[in-house]
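Below, all heavy atoms of this structure are taken into account, side chains as well, without hydrogens, waters or symmetry copies.
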Amino acid sequence: MKLLRVLLVDDEIMIREGFKRLFDWQAHGCEVVGEAADGVQALSQIEQLQPDIVIMDINIPIMNGIKVIQIARMRNENIAFVIVSGYDDFSYCREALKLQITDYLLKPVDYEEFGACIDHLRISLFERGAARADEQEQGRTILQLTRYLQEHLQEEVSLSLLADTFHLSAAYISQLFKSEIGVNFLNYLTNIRMERAKKLLVSTDLPIAEVAEKSGYTDYRVFTKAFKKAEGATPSQYRRDFEVQP
């Protein structure tokens, strides 16, 4: 299991030592990778160590914790912040909540409560990371699917064929087209076939039947009907209209 990287920020060394010695970080899937005693040092350590979680007091020297979070968020919005403060002040809480911190705990720290906070945070970060990985995988998959369609446009292509080729379910592929491109599979396929047909009509002298075949239509009549529905003109009319344009 990958341990989450934790940075401790507090100007009191005894507080930092308490966190390190009195809390079992590994049992909660974490490791302390660094510490800082003021805001400037905290930003430097955040930049250098790239922690997953920052445990920080608000009232620290040079630059307070709120400012540290504001700046750090601009550089890396994925870092989770847990505020541990001796100030039970609503104004501090309000400012911290605006920055979407994970939790606001008061000193002295109740380590049982703190452990529950860290466990919840670890699950949240894992789910967020899994969601990002899933989005990236979906993006790669749809790119492969659309590239395949472009390269095999003349052939008979269907959802079941794509499913067999890419070892995915037809339902998943259908959902990908809707979520990633915004249209269903058949509409997308028709659109790229029409784009291929229009390009061939205006850039070549190929017979309409051959344009149809190169665009993925084995039946000339089906092609003509689909083209007219999509473009409002038959393939021959489209070619003539393009030729007479100045």
Side-chain angles (χ1 to χ4, degrees), residues 1-140:
M1 178 183 66
K2 178 189 174 185
L3 298 178
L4 295 178
R5 297 164 59 80
V6 177
L7 175 68
L8 301 175
V9 183
D10 199 297
D11 60 326
E12 297 183 46
I13 188 170
M14 293 304 297
I15 298 292
R16 302 198 305 270
E17 288 299 315
F19 270 118
K20 289 191 290 184
R21 296 180 183 181
L22 301 177
F23 186 72
D24 189 345
W25 290 99
Q26 286 212 347
H28 293 269
C30 300
E31 62 175 334
V32 175
V33 295
E35 52 188 286
D38 61 61
V40 172
Q41 191 179 22
L43 281 176
S44 174
Q45 291 288 74
I46 289 171
E47 187 76 23
Q48 179 182 343
L49 299 174
Q50 294 294 304
D52 300 296
I53 305 170
V54 177
I55 312 296
M56 181 168 61
D57 192 352
I58 285 181
N59 189 33
I60 49 179
I62 306 180
M63 181 187 298
N64 69 36
I66 295 294
K67 192 66 178 176
V68 170
I69 298 174
Q70 289 173 335
I71 296 173
R73 281 268 191 252
M74 290 188 287
R75 299 175 181 174
N76 185 346
E77 61 182 15
N78 296 318
I79 298 175
F81 287 89
V82 176
I83 296 298
V84 180
S85 177
Y87 290 85
D88 187 7
D89 187 319
F90 178 72
S91 62
Y92 278 114
C93 294
R94 183 176 57 193
E95 288 301 313
L97 290 172
K98 284 180 183 178
L99 295 170
Q100 297 181 317
I101 65 162
T102 299
D103 215 333
Y104 189 111
L105 304 176
L106 292 175
K107 296 177 180 177
V109 175
D110 179 328
Y111 285 106
E112 185 174 340
E113 178 187 2
F114 182 72
C117 167
I118 294 299
D119 287 342
H120 174 76
L121 177 54
R122 183 164 51 84
I123 293 169
S124 175
L125 289 175
F126 174 78
E127 290 175 345
R128 191 192 308 170
R132 283 199 301 271
D134 188 49
E135 288 174 4
Q136 291 172 350
E137 181 59 32
Q138 287 182 350
R140 285 192 292 268

Plane angle bin for Tyr111 and Phe19 - parallel if under 30°, tilted between 30 and 60°, otherwise perpendicular: perpendicular
Nearest atoms (heavy-atom pairs only) where Leu7 meets Ala36: CD1-N, 4.5 Å
Inter-residue atom distance Ile123.CD1 - Ile118.CD1, 0.5 Å rounding: 11.5 Å
Full working for side chain to side chain contact (heavy atoms under 4.5 Å, CB included) between Val9 and Ile46: CA-CA 10 Å; Val9 183; Ile46 289 171; 6.0 Å; no
SG on Cys30 to CD1 on Ile53, rounded to 0.5 Å: 4.5 Å
Heavy-atom pair with the smallest gap, counting every atom of Lys20 and Trp25: CA-NE1, 4.0 Å
Selection residues 42-51 - residue pairs positive for salt bridge (charged side-chain N to carboxylate O under 4.0 Å, His left out), sequence neighbours left out: Glu47-Arg75
Under 3.5 Å donor-acceptor, Asp38 side chain and Gln41 backbone: yes
Atom pair CG (Asp52) and CZ (Phe126), whose distance is rounded to the nearest 0.5 Å: 13.0 Å
Shortest non-hydrogen contact from Ala37 toward Pro61: O-CD, 3.4 Å
Salt bridge (charged side-chain N to carboxylate O under 4.0 Å, His left out) contacts in which one or both residues fall within residues 3-13, not counting sequence neighbours: Asp10-Lys107
Spacing of NE2 belonging to His120 relative to CG belonging to Leu125, to within rounding of 0.5 Å: 9.5 Å
Considering all heavy atoms, the nearest Gly65-Ile60 contact: N-CG1, 3.8 Å
Gap between atom CG of Asp57 and atom CZ of Arg16 - 0.5 Å precision: 11.0 Å
Check: Arg122 side chain, Leu3 main-chain N or O, donor-acceptor pair, under 3.5 Å: no
Distance, nearest 0.5 Å, that separates CG of Leu43 from CD of Gln70: 11.0 Å
Student check: side-chain heavy atoms of Ile83 and Ile69 closer than 4.5 Å: yes
Close side-chain approach of Ile15 and Val84, heavy atoms under 4.5 Å: no
Parallel, tilted or perpendicular: rings of His28 and Phe23 (30°, 60°): parallel
Sidechain N-carboxylate O distance under 4.0 Å for Arg140, Glu137: yes
Leu4 vs Leu121, side chain to side chain contact (heavy atoms under 4.5 Å, CB included): CA-CA, chis, key distance, verdict: CA-CA 10 Å; Leu4 295 178; Leu121 177 54; 5.7 Å; no
